[in-house]
Amino acid sequence: MGERLAPHRPGRDDLRALFPVLAQEVNGLPLVYLDNAATTQTPLPVLDAVRQFEQHDRANIHRGVHTLSQRATEAYDEARRTLARFIGAGAAHELVFTSGTTEALNLVVHGLSTAGAAPAVLQPGDEIIVSGLEHHANLVPWQQAARRCGAVLRILRPDAQGRLRAQDLAALLTPRTRVFAVTACANATGERPPFEALLAQAADAGALTVLDAAQAVAHSVIDLSSLACDFMAFSGHKMHGPMGTGVLAGRRVALERLEPLRYGGDMVAWVTETEASFADLPMRLEGGTPNVAGAVGLAAAASFVDRTGRERIDAHLSDLRRHAAEGLAALPGVTVLSPDTGLTAIVSFVVDGVHPHDIGTLLDEQGIALRTGFHCAQPLLEHLGRGPTARASFAMYNTYAEVERLLAGVAHALKVLQ
Ligand code: PLP
């Protein structure tokens, strides 16, 4: 834990030096890594924490009386406590480790739509509202659940600018609404919806509420205790942690209503040949050997983000985003999606008559990594009348000079392509 250490400064060389992957050339030019919404890079303290665990403490948890097993168990439990503090979880919350946001959301959807000792929470005729800004990971599982349970899936569509509005949610909420699911930031457009108010509105109407925080936790303070949020999901690799790690956190009473997704070792209280009873949370939802090194690395990433300071990171990223959005919008034929949204690290754009893949390829030739395509949010981009986009996304190590390289790179690509 680095609380007493001097903070790293976003965008400064000493911070960048902690991310060895950044110090390389791609196609003969210094790498400009602007694909952070897909995956962020991992700093040395996180790599060190993982290596330290693997070199000294690696053993299976909960099952051993021996010293390494006890150390591994303590490291896993400590990682859980660190992450719970990081997201502002309180006494009424639980935190479950998963392999990422996708698994966390599937855990919720499966858990609500599957009968166990009790009937499934979702029943025929129930209504599920999912925002129209969502990544497929927060849409497709609900589609499947609705089909399985005979529930009705309703979409809270954004307006023409890609914004969600409270009055539209009010019009969709009914006494049959069981679930409302929304993102903290749309990964395809960078739109930052007023999710706090929307979650509260849905909770007041009696719905269980689900927040996809995948695009927020690396830089914004998400305080679970002050949100009307039953379930919150995020991924480690999007907040400088190891790949294949993530979290489902939420209200204990809500998590207790989930039928487990994985049955097996570590999630049971007792087992006979014909029956089993399940352990308490969080183990009840963590069947099988967990990714202990991953959890340790994820906790180290949370500490690293906190040492840098989420308010500082947010301010830095929104400066970069503003500069990129203004610079891109000034180029011929370029339209920036969600140009005026609140704090966000993503800028998504389209160019008249130019396919984003061609822009991405020409930028890669200049050592600049960004993402092109539908960003796993095809219904949103189609609703907005757009096809695939080019998306630059920023992290704490990106600099103003890198935004300038992006703008020059896009300008050069357009000269070639237009
Ligand atoms: N939700 C959002 C908003 C995302 O941006 C992503 C990934 O891009 C996901 C969910 C899925 O995350 P993962 O692939 O880490 O499970």
Side-chain angles (χ1 to χ4, degrees), residues 34-35 37-38 128-143 146 152-172 180-195 198 212 214-216 321-322 324-363 370-394 406-407 409-411 413-414 416-418:
L34 301 179
D35 193 18
I128 301 163
I129 304 176
V130 173
S131 112
L133 300 185
E134 302 309 302
H135 186 282
H136 296 161
N138 203 17
L139 171 63
V140 178
W142 297 112
Q143 293 172 344
V152 180
L153 178 63
R154 302 200 188 288
I155 305 295
L156 172 62
R157 295 213 169 77
D159 66 12
Q161 279 73 47
R163 294 175 301 214
L164 297 181
R165 294 183 306 194
Q167 64 266 38
D168 296 334
L169 179 57
L172 289 180
F180 170 62
V182 68
T183 187
C185 173
N187 70 302
T189 61
E191 177 70 19
R192 195 261 191 226
F195 63 87
L198 296 172
D212 176 348
Q215 293 299 345
R321 202 257 184 197
R322 193 176 318 109
E326 286 170 8
L328 288 165
L331 295 173
V334 174
T335 305
V336 171
L337 280 65
S338 288
D340 306 317
T341 189
L343 287 178
T344 165
I346 295 172
V347 61
S348 192
F349 61 98
V350 289
V351 184
D352 296 340
V354 176
H355 198 284
H357 288 316
D358 296 332
I359 297 176
T361 305
L362 287 174
L363 287 176
L370 52 60
R371 189 148 291 247
T372 62
F374 284 104
H375 318 294
C376 299
Q378 196 170 351
L380 168 61
L381 291 175
E382 283 174 357
H383 170 73
L384 296 175
R386 308 283 176 195
T389 78
R391 181 185 77 182
S393 49
F394 307 107
L406 168 72
L407 296 175
V410 175
L414 297 190
V416 176
L417 296 167
Q418 272 178 333

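Heavy atoms only: backbone and side chains are in, while hydrogens, waters and symmetry mates are out.
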Looking at [X] and [Y], what are the two nearest heavy atoms and their distance?
X	Y	value
V336	A329	CG2-N, 3.9 Å
P388	V350	O-CG1, 3.6 Å
L156	L169	CD1-N, 3.5 Å
L406	A324	CD2-CB, 4.4 Å
N138	V182	ND2-N, 3.9 Å
A184	P193	O-CD, 3.6 Å

Ignoring hydrogens and angles, tell me if any N or O in the side chain of S348 forms a donor-acceptor pair with the backbone of A188 under 3.5 Å.
->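 Pair found, side chain donor or acceptor close to backbone of A188.
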Does Q215 reach the main-chain N or O of G190 with its side chain, forming a donor-acceptor pair under 3.5 Å?
->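 No; zero donor-acceptor contacts below 3.5 Å.
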For residues [X] and [Y], determine if any side-chain heavy atom of one lies less than 4.5 Å from a side-chain heavy atom of the other.
X	Y	result
L417	I359	yes
L331	F349	no
E134	I155	no

For side-chain contact (heavy atoms from CB on, under 4.5 Å), just list the numbers for D340 and Q161, CA-CA rounded to whole Å, side-chain angles, deciding distance to a tenth of an Å, and then say yes or no.
-> CA-CA 10 Å; D340 306 317; Q161 279 73 47; over 6 Å; no
Measure the spacing between [atom1] of [X] and [atom2] of [Y] and express it to the nearest 0.5 Å.
X	Y	atom1	atom2	result
T183	L164	OG1	CG	9.5 Å
I129	L172	CD1	CG	5.0 Å
R163	T189	CZ	OG1	11.5 Å
L362	L414	CG	CG	9.5 Å
I128	Q143	CD1	CD	10.5 Å
R157	R165	CZ	CZ	13.0 Å

Residues T389 and H375: side-chain donor-acceptor under 3.5 angstrom = yes
With sequence neighbours excluded, tell me which residues meet side-chain hydrogen bond (donor to acceptor under 3.5 Å, both in side chains) with R192.
-> E196
For R391, which residues count as a salt bridge (charged side-chain N to carboxylate O under 4.0 Å, His left out) partner, sequence neighbours excluded?
-> D35
side-chain contact (heavy atoms from CB on, under 4.5 Å) between Q418 and V354: does it pass, once the steps are laid out?
-> CA-CA 7 Å; Q418 272 178 333; V354 176; 3.9 Å; yes
Donor-acceptor contacts under 3.5 Å from residues 377-385 side chains, at least two apart:
{"from": "Q378", "atom 1": "NE2", "to": "E382", "atom 2": "OE2", "distance (Å)": "3.2"}
{"from": "H383", "atom 1": "NE2", "to": "P158", "atom 2": "O", "distance (Å)": "2.7"}

